[in-house]
Amino acid sequence: MLSALRGGVAVRAADAMRALNARHPWSHNDAFHPWVAARLPAGRSEALDVGCGRGELLAMLGEHFAVAQGIEVDREMRRVSSARCAGLPNVTVDDAPLERVPDGKDLVTMIAVLHHFELEPALAQVRRILKPGGRFLCVGLARPDSVIDRLWDAASVITNPIIGFVRHPWVVQPGSASPPFPVKEPEYALAQIRDAVRRTMPGAVIRRQLGFRHTIEWTKPACCVSLPSLNDRGGQTLKRNSTELRQG
């Protein structure tokens, strides 16, 4: 009977948490835009936002870079992003595959996008695209796999409604939600991501964050060491799901 009572309390608590989150929603991805803005590189010629979604971050980058390109495979997201950036002549939105993006970028950003790609080939492409001194700023999702992973997820669950109330104190109105991002559950655990980043981007800084996220920050060395090209495995190295690119 005690276990049943505990189970009932847990269910009611989870339902209450979901109801509160629904009344005070917040974008876990948009919340990291200030993190990106505070880490922009000194070079401000070209920026690339991979999986630009609704274009909020891309529009911000357009204010800081001579040229800002957003790539997005989802047609509806491209439409929304293009409309948002319509008044910015230095901003473009297209569906170019990552492997066809020319190199020479000062900045590459990914917000809740990396898990839509094959991990190491995508990181290798980012390394190629960046010019020496260019920066990679990534906010990612990972599959919980360890006790520490689950403790961080528990902390995110507890703090999520508090952050939502602070960031969105008014109750959401019916029909006011933005178009949903295409979603994909993360395949890789954070430990796997750390290993892949260390092999591909030596010196990168990876940190756990609340909101079920982690961050990756890497500046390409002025004289980047030669690492094996993962693209040599064939033209299929960057397979992506048809439901890419962002998770809300």
Side-chain angles (χ1 to χ4, degrees), residues 27-118 121-140 178-184 201 215-220 231 235 237-248:
S27 171
H28 298 73
N29 297 331
D30 294 354
F32 284 92
H33 291 180
W35 178 85
V36 173
R39 290 163 174 79
L40 298 180
R44 302 288 176 89
S45 295
E46 296 185 49
L48 174 70
D49 186 23
V50 181
C52 60
R54 296 192 293 258
E56 294 96 337
L57 178 61
L58 181 61
M60 185 271 283
L61 295 178
E63 298 175 357
H64 295 276
F65 289 80
V67 175
Q69 176 187 4
I71 59 176
E72 173 60 65
V73 300
D74 184 83
R75 181 178 298 177
E76 176 61 13
M77 290 293 99
R78 282 202 308 277
R79 184 193 67 78
V80 173
S81 184
S82 296
R84 180 182 295 276
C85 300
L88 301 172
N90 63 323
V91 175
T92 60
V93 180
D94 57 59
D95 61 349
L98 190 59
E99 62 269 26
R100 295 184 184 176
V101 175
D103 58 15
K105 301 290 188 288
D106 297 285
L107 174 70
V108 175
T109 56
M110 289 186 178
I111 308 296
V113 169
L114 183 58
H115 66 288
H116 288 270
F117 289 90
E118 289 188 37
L123 293 172
Q125 288 295 337
V126 171
R127 188 186 68 214
R128 173 190 64 80
I129 290 168
L130 286 170
K131 65 170 60 171
R135 189 162 294 167
F136 177 47
L137 298 175
C138 174
V139 178
S178 300
F181 293 124
V183 298
K184 179 180 184 291
M201 299 175 172
T215 54
I216 304 171
E217 180 179 355
W218 183 66
T219 300
K220 185 173 181 176
N231 198 41
T237 54
L238 289 177
K239 296 175 186 173
R240 291 174 281 180
N241 282 27
S242 60
T243 57
E244 293 172 335
L245 270 172
R246 287 180 184 259
Q247 174 164 330

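Positions are given from 1, in the same order as the sequence printed here.
Between Cys85 atom SG and Glu56 atom CD the span is 9.0 Å, to the nearest 0.5 Å. To the nearest 0.5 Å, atoms CG (Leu114) and CZ (Phe136) are separated by 5.5 Å. Separation of atoms NZ (Lys220) and CZ (Arg128) is listed at 9.0 Å; rounding is to 0.5 Å. For the atom pair CZ of Arg79 and CD of Glu72, the computed distance is 12.5 Å after rounding to the nearest 0.5 Å. Note that CG of Leu130 is 6.5 Å distant from CE of Met201, once rounded to the nearest 0.5 Å. Residue Met60 holds its CE atom at 5.5 Å from CG of Leu40, rounded to the nearest 0.5 Å.
Among all heavy-atom pairs drawn from Val93 and Ser82, the shortest one is CB-OG, 3.6 Å. When all heavy atoms of Lys184 and His116 are compared, the closest pair comes out as CB-CE1, 3.3 Å. Contact between Phe65 and Gly43 at its shortest, heavy atoms only, is CE2-O, 3.5 Å. The minimum heavy-atom distance between Leu61 and Ala47, with the atom names listed, is CD1-CB, 4.3 Å. Residues Gly53 and Ser81 share a closest heavy-atom pair of O-CB, 3.2 Å. Closest heavy-atom contact between Pro121 and Glu118: CD-O, 3.5 Å.
Among pairs with a residue in residues 59-69, those fulfilling side chain to side chain donor-acceptor pair (under 3.5 Å) read Gln69-Asp94, at least two apart in sequence or across chains.
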Under 3.5 Å, sequence neighbours excluded: what are the donor-acceptor pairs made by side chains of residues 104-113?
from, atom 1, to, atom 2, distance (Å)
Lys105, NZ, Glu46, OE1, 3.4
Lys105, NZ, Pro102, O, 3.2
Asp106, OD1, Lys131, NZ, 3.4
Asp106, OD2, Ser45, N, 2.9
Asp106, OD2, Glu46, N, 2.9
Thr109, OG1, Leu48, O, 3.4
Thr109, OG1, Asp49, OD1, 2.8

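Between Leu58 and Leu88 there is no side-chain heavy-atom pair separated by less than 4.5 Å. Residues His33 and Asp30 meet the side-chain proximity criterion, which asks for heavy atoms closer than 4.5 Å.
Without hydrogens or angle criteria, Arg78 side chain to Val73 main chain gives a donor-acceptor distance under 3.5 Å. Checked by atom type and distance alone, the side chain of Arg135 pairs as donor or acceptor with a backbone atom of Arg39 at under 3.5 Å.
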Practice task
Applying side-chain contact (heavy atoms from CB on, under 4.5 Å), run through Phe32 and Leu137 and close with a yes or a no.
Solution key: CA-CA 10 Å; Phe32 284 92; Leu137 298 175; over 6 Å; no
